[in-house]
Amino acid sequence: MDVVTTIAAARERRSVDRTAGRTVALVPTMGYLHEGHLSLVRRAHTLASSVWVSIFVNPTQFGPGEDLDRYPRDLERDLALLERENADVVFAPSAEEMYPEPPKVTIGYSGLENVLCGASRPGHFAGVGLVVSKLFNIVEPDAAVFGQKDAQQALLIRRLVEDLSFPIRIDVAPVVREPDGLAMSSRNTYLSAGQRRAAPVLYRALLTARDAIAHGERDPRRVEVILREVIAQEPLATLEYAVCVTQDDLQPPNRIDRPVLLALAVHFGTTRLIDNMPVDPKEI
Ligand code: AMP
């Protein structure tokens, strides 16, 4: 496994793959890897002959007062995990390498970036779009793998790739969970023991809401009430949002007559957790 930290070295390593006739699948991450990330790496192996993983805690997607400085980092451990997964190349640049100057270009999505997570994290998806575009231009992958865990991000990346004509196949992998249902996240390490015990309430809320749809509930507002009620039963949880929206434009439908996304953001103290579940009323 090769580890490259500069853009020039990444481009040189990419040309080695190209000369050898290898296709490349990229898995962008912010590191502190867990099974969710590793499931993406395994999918990447099915999509291309050379698997690249980027590890970069991207400052432009963090707002003032967010957890950029305390975001967990452990490059040595990440590299050991990736070695075991037979990753071919790890691109782990510094912030100075990626942003020698503060960037002036911003990426917008005509409002799609201002709903759900974007409502409380202004500028977040602009930063995501910028760094993903840079990674795509540096690595020039044939495919890139993202997680359904960040459903809004996956949707916006698909738009980015389509609208900017990146010749890259986007693959979205299902959410990987702990045995008790908590979606894996690098931020789970922030939780106290009590908060950790309470955190599976997100998954329980999603399952309860999905059950209601399975039993014929078709009013998205009723489904949102169910999500809110389950979260409200957990005293350590503070709800940020609970929505039932269409999968293609994240807007509330009048009725649940097409695939919807149930999505939640919940705070436990200073830790913000998100989770979601796509539900197709015709298939449950
Ligand atoms: P992050 O390091 O949090 O930026 O995540 C890197 C990629 O891994 C993103 O595409 C995430 O959606 C994905 N990811 C994070 N957690 C999970 C999970 N529990 N299951 C599946 N994918 C995940």
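Read the numbers this way: they start at 1 and go in the same order the structure lists the ligands and their atoms.
Applying the side-chain hydrogen bond (donor to acceptor under 3.5 Å, both in side chains) test to D67 and every residue at least two apart in sequence or in another chain returns R187, Y190. Under the ring pair (Phe, Tyr, Trp, His ring centres under 6.0 Å) criterion, H34 pairs with H37, sequence neighbours left out.
Listed by chain and number, P28, T29, M30, H34, G36, H37, L40, Y71, F146, G147, K149, D150, Q153, P174, V175, V176, M184 each place a non-hydrogen atom less than 4.0 angstrom from ligand 1.
Between I226 and A212 the shortest heavy-atom distance is CD1-CB, 3.5 Å.
Each ring-ring contact (aromatic ring centres under 6.0 Å, His included) pair with one or both residues in residues 114-153, not counting sequence neighbours, appears once here: F136-F166.
Relative to the ring axis of F268, R196 does not place its NZ or CZ within 45° and under 6.0 Å from the centre.
At distances below 3.5 Å, not a single donor-acceptor pair connects side-chain atoms of N114 with backbone N or O atoms of P122.
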